[in-house]
Amino acid sequence: MKPSVILYKSLPDDLRARLDEHCAVTEINDLSPESQQQYADALQQAEGLLGSGGKVNGDLLAKMPKLRVCSSVSVGYDNFDVDALNQRHVVLMHTPTVLTETVADTMMALVLSSARRVTELDAWVKAGKWQQSIGPDLFGIDVHHKTLGILGMGRIGMALAQRAHFGFGMKVLYNARREHEEAQTRFDAQRCDLETLLKESDFVCISLPLTEQTHHMIGAEQLKLMKSSAVLINAGRGPVVDENALIAALQNGTIHAAGLDVFEQEPVSPDSPLLKLPNVVTLPHIGSATHETRYGMMQDAVENLIAALSGNVEKNCVNPQALK
Ligand SMILES: NC(=O)C1=CN([C@@H]2O[C@H](COP(=O)(O)OP(=O)(O)OC[C@H]3O[C@@H](n4cnc5c(N)ncnc54)[C@H](OP(=O)(O)O)[C@@H]3O)[C@@H](O)[C@H]2O)C=CC1
Ligand SMILES: O=CC(=O)O
């Protein structure tokens with residue numbers, strides 16, 4: 001008999017057909033309390049769960065006594081209670097690698113657009129304000145040959161370092177828990193402590209996961225260490241940065257600008273002061289959002305689920321120890 005799975009994300013027809021081949025699928029809109037109530041029977045029977053967004057915690061697990069595999073269409077898994085999964089011997093699969101280059105492209109886009117005021121000047125031209133050549137009040141800052149500091153030298157950090165080093169002749173600094181020899185050899189990247197990175201970087205780029213240790217890693221104190229000409233880029237997770245402290249730092253000139261793909265609350269509130277600041281480029285969490293990459297992520301998530309349901313967790317598993 002095919003294992004029952006809950007799908008909480010729409011898939012393209014071919015991927016849905018592939019999933020249907022191997023699993024008895026119940027598709028639901030999301031993991032909201034309403035959906036959980038409406039599909040309580042299906043949740044009771046499900047051995048697999050595939051989707052993205054929404055919290056997977058002890059409460060949900062209690063409603064899914066037969067669950068063996070979660071497959072997330074994302075690399076980040078801060079919305080999963082991994083300890084609770086481990087206790088229940090549920091494995092969590094995710095989609096690293098397939099999205100790495102695309103997210104690094106997004107980060108470089110944020111670096112360039114905040115330094116060169118791309119979105120601000122685009123709005124200015126479209127508002128009919130281009131009557132004569134711009135003056136220094138609308139000039140940007142150079143990106144090439146500056147210093148780019150990376151917080152989190154993992155897969156995405158490495159891909160960003162590659163772009164910065166080879167594409168823009170930038171000096172690369174990084175901070176991570178361990179040394180990354182490959183980054184040093186390939187991109188001449190220098191590992192340094194957080195304080196040094198913040199003091200010396202022209203662009204501070206965050207590609208960190210959200211954990212207890214990284215929550216509010218960048219607050220008022222850290223922002224004060226940055227150059228007043230520096231730009232903060234965050235494409236990791238919003239709560240890595242204390243957003244109130246960031247707003248104050250941008251308003252009072254402690255730092256020059258910011259490029260943000262992620263926010264403490266998503267979607268960001270339309271009332272957020274960040275949306276009123278011309279020196280902030282905002283994106284709606286689109287790090288991996290290209291047709292090719294989102295398809296690749298969904299494909300990997302389907303294959304990850306099928307493999308893990310048959311006991312194969314060699315690739316893309318967050319917690320293989322849960323099987324023990
Ligand atoms: N905006 C978007 O759309 C997207 C955002 N993301 C976010 O990017 C994150 C990173 O993805 P990816 O590069 O694939 O992940 P990796 O696991 O490959 O890299 C994470 C890096 O963060 C470092 N790190 C973790 N905790 C700490 C800490 N406490 N102090 C210093 N460094 C730390 C790790 O250090 P070490 O090497 O020492 O272990 C590692 O270098 C994801 O978790 C997700 O939150 C991902 C995809 C899309
Ligand atoms: O934020 C996106 C992810 O894949 O993680």
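Worth saying up front: this structure is predicted, and the values here are computed from it rather than measured. Just follow the structure's listing: the first ligand is 1, and inside any ligand the first atom is 1.
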Between [X] and ligand 1, is there a nitrogen or oxygen pair with a distance under 3.5 Å?
X    : answer
L99  : no
A235 : yes
R178 : yes

Please list, in number order, the atoms of ligand 1 under 4.0 Å from a heavy atom of [X].
X    : value
S288 : 3 (O)
M153 : 41 (O)
H285 : 1 (N), 2 (C), 3 (O)
D261 : 1 (N), 2 (C), 3 (O)
Q213 : 29 (N)
V75  : 14 (O), 46 (C), 47 (C)

Protein contact to [atom] [nearest heavy atom, distance to 0.1 Å]:
atom                    : result
atom 48 (C) of ligand 1 : V103 CG2, 3.5 Å
atom 34 (C) of ligand 1 : R177 NH2, 3.8 Å
atom 19 (O) of ligand 1 : G154 CA, 3.2 Å
atom 16 (P) of ligand 1 : R155 NH2, 3.5 Å
atom 1 (O) of ligand 2  : H285 NE2, 2.7 Å

_Could you check, using the six-membered ring where one of them is a Trp, whether H94 and Y77 have ring centers closer than 6.0 angstrom?_
yes
Just let me know how [X] lines up against ligand 1, side chain, backbone, both or neither, with a heavy-atom cut-off below 4.0 Å.
X    : answer
S207 : backbone
L208 : both
P96  : neither
I156 : both

*asked:* Rounded to the nearest 0.5 Å, what separates atom OG1 in T102 from atom NE2 in H291?
replied: 12.0 Å
_Set of ring pair (Phe, Tyr, Trp, His ring centres under 6.0 Å) partners for H256, sequence neighbours left out_ = none
*Hey, is T211 one of the residues with a heavy atom under 4.0 angstrom from ligand 1?*
no
*With a 4.0 Å cut-off on heavy atoms, does M158 reach ligand 1?*
no
*Between N79 and G54, is there a donor-acceptor pair closer than 3.5 Å when you use the side chain of the first and the backbone of the second?*
yes
*Answer yes when K171 and D188 have at least one side-chain N-carboxylate O distance shorter than 4.0 Å, and no when they do not.*
no
*asked:* Less than 4.0 angstrom from a charged side-chain N to a carboxylate O is my criterion; do R18 and D14 meet it?
replied: no
_Below 30° counts as parallel, above 60° as perpendicular, anything between as tilted: where do the rings of H165 and F187 land?_
tilted
_Pair Q44, K66: side-chain N/O donor-acceptor within cut-off below 3.5 Å_ = no
*Given T102, V75, V98, which one has a non-hydrogen atom that is nearest to atom 3 (C) of ligand 2?*
V75
*Using heavy atoms and a threshold below 4.0 Å, how should the contact between V262 and ligand 2 be classified: side chain, backbone, both, or neither?*
neither
*asked:* Could you tell me, atom by atom, which parts of ligand 2 come under 4.0 Å of a heavy atom of L99?
replied: 4 (O)
*Atom indices of ligand 2, in the order listed, that fall short of 4.0 Å to a heavy atom of R237*: 1 (O), 2 (C), 3 (C), 5 (O)
